[in-house]
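One structure, pasted below without further comment.
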Amino acid sequence: MRTTTLASTGVAADRVRALTEAERARYVGRNPTSQALAQRAAEHLMFGVPLHWMNDWATPFPLHVAAARGARLTDVDGQERIDFCLGDTGAMFGHSPPAVTAALQAQAARGLTTMLPGEDALAAAEMLAERFGLPRWQFAMTASDANRFVLRWLRAATGREVVLVFNGCYHGTVDDVFVDLVDGRPRQRASLLGQVHDLTASTRVVEFNDLEALAAALAPGDVACVLAEPVMTNVGMVLPDPGFWPQAIELLHRHGTKLVLDETHTISSGPGGYARGQGLQPDGVVLGKPLGGGMPCAAYGFSADLAAQAEAAKRAAPPGHSGIGTTLSANLLAMAAMRAALRELMTPPVYAGLHARCARLADGLRAVIARHALPWCVTQVGARCEFQFCNVPPRNGSEAAAAMDEALERAIHLALLNRGVMITPFHNMMLICPDTSAADVDRLLAAFDEVLGLLVD
Ligand SMILES: Cc1ncc(COP(=O)(O)O)c(C=O)c1O
């Protein structure tokens, strides 16, 4: 018998189940080549995929890609999808942006990696310094690596052991930050594999937007740095309260703690990231994902003071491995891509287009949600926007996590994919790239409208 009990999301569980079942069958019927490849992959790829979390999409088996260009992705069954996931920000400037592919082609004929600098690295650092207001830069291959290296530098530079993060944060596969607040107490994330150290000994965690808790956590004077996204984006989106960051920065200064802002996702805000746009002055910034237009590369920048402290720490250390850097970091190919992306893609006119298109999407989502009388909200940060299953935007990680509903989320994602539009598999994030047209946005809105109709009308 059908039940009609509404969850706090405003959607009945049996409607979610029915939609999921129907959409799974539809997906299986329409993707025979992806299915055949998934079966073939089972033999030599662990979990049947190159990376285990590629199974975390809502699809019964992974969609296999034939090609991706601009805002579109074509699968191996020849179907085109409008891509609002964009490699979870890696392709925020579109798939294979011509400026970057041209730079890659030119550099590919002149060497790929040498362990020596070329002019591109210098040019990239000059542009980064100008845009982010931080004078000294280093490079890495991924934002995870950049964050890992930054924590080492910060601990070495300050002589302090503890790092502080906000509950529900994600900064890549940096072990130190996998500490959650559970019933008000720090707890190491149980899902972390093979971790043998007690991370709670050197990581402190408080809720975002909680200045009192932040002050208390800083009070012992042992916190090297706060590592934070200026807007939380990985537990759904959580905006800072008005005045939160200026007051937090004042507290940090009072306690001699540095602020490192991870702008890997919030680079969707503008060419200098969220902090520059808001006039905030961190001691360090981390960037990754779209920085090379889709080529793996990342960067981190320090203030003059912090860089001087970090350089002094390295000079004072015995010779040998610092634990910072990898062989292929800052390779010639990555630097050529980063220089081209900074020069041609991360520019004010490009961002103006992204933001306008994303505003159309955010307004459209709000209208569709209102039409179906659902208690959901929409948050936009530049080229990025997200709908969440709560009627007022969450103020911290716990509230954002409480608003999640995995079954509902997966049903919507799969139903959208079956209608030719793809959004990020984890939570409900959508991203605009320069190739995303108004008609593409309208396609997503029409599909969203149809899917919500199937869930609640
Ligand atoms: C804020 C933030 N920092 C760092 C990372 C890690 O990026 P990568 O997986 O490219 O190392 C992510 C990944 O989602 C992220 O969201």
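Atoms within each ligand, like the ligands themselves, are counted from 1 in listed order.
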>> I'd like to check which ligand 1 atoms, numbered from 1 as shown, lie under 4.0 Å from a non-hydrogen atom of T142.
In response: 11 (O)
> Does atom CZ of R136 have more than 12 heavy-atom neighbours, drawn from other residues, nucleotides or ligands, at distances under 6.0 Å?
Replying inline: no
>> For the residue pair N396 / D210, report whether a side-chain donor-acceptor contact shorter than 3.5 Å exists.
In response: no
>> Under 4.0 Å, heavy-atom basis, I'd like to know which part of N234 is in contact with ligand 1: side chain, backbone, both or neither.
In response: side chain
> Pick one: which of R148, H197, R152, R155 meets side-chain hydrogen bond (donor to acceptor under 3.5 Å, both in side chains) with D176?
Replying inline: R155
> Considering only protein heavy atoms, which is closest to atom 7 (O) of ligand 1, and at what distance to one decimal place?
Replying inline: A143 CB, 3.4 Å
> Near H171, which atoms of ligand 1 are under 4.0 Å from a heavy atom of that residue?
Replying inline: 3 (N), 4 (C), 5 (C)
>> Taking CZ in R40 as the centre, count heavy atoms belonging to other residues, nucleotides or ligands within less than 6.0 Å. Is the count above 12?
In response: no
> Which residue and non-hydrogen atom of the protein lie closest to atom 11 (O) of ligand 1, and at what distance in Å?
Replying inline: S144 OG, 2.6 Å
>> Can you see whether S269 engages T266 through a side-chain donor-acceptor pair at a distance of less than 3.5 angstrom?
In response: no
> What atoms of ligand 1 come closer than 4.0 angstrom to any heavy atom of G172?
Replying inline: 4 (C), 5 (C), 6 (C)
>> Just to confirm my output: which protein heavy-atom neighbour is closest to atom 13 (C) of ligand 1, and how far is it?
In response: K289 NZ, 3.0 Å
>> If the cut-off is 4.0 Å to any non-hydrogen atom of H265, which atoms of ligand 1 fall inside it?
In response: 14 (O), 16 (O)
N/O donor to acceptor pairs below 3.5 angstrom from side-chain atoms of residues 332-350, sequence neighbours left out:
unit_1: R339; atom_1: NH1; unit_2: D120; atom_2: OD1; d: 2.7
unit_1: T347; atom_1: OG1; unit_2: V350; atom_2: N; d: 3.4

> Atoms of ligand 1 less than 4.0 Å from E229 heavy atoms?
Replying inline: 1 (C)
> Can we say E23 and R419 salt-bridge, meaning some charged N sits less than 4.0 Å from an Asp/Glu carboxylate O?
Replying inline: yes
>> Looking only at protein heavy atoms, which one is nearest to atom 2 (C) of ligand 1, and what is the separation?
In response: D262 OD2, 3.4 Å
> So which of L128, D262, L261 actually passes side-chain contact (heavy atoms from CB on, under 4.5 Å) with L287?
Replying inline: L128
> What part of N147, side chain, backbone, both or neither, has a heavy atom within less than 4.0 angstrom of ligand 1?
Replying inline: side chain
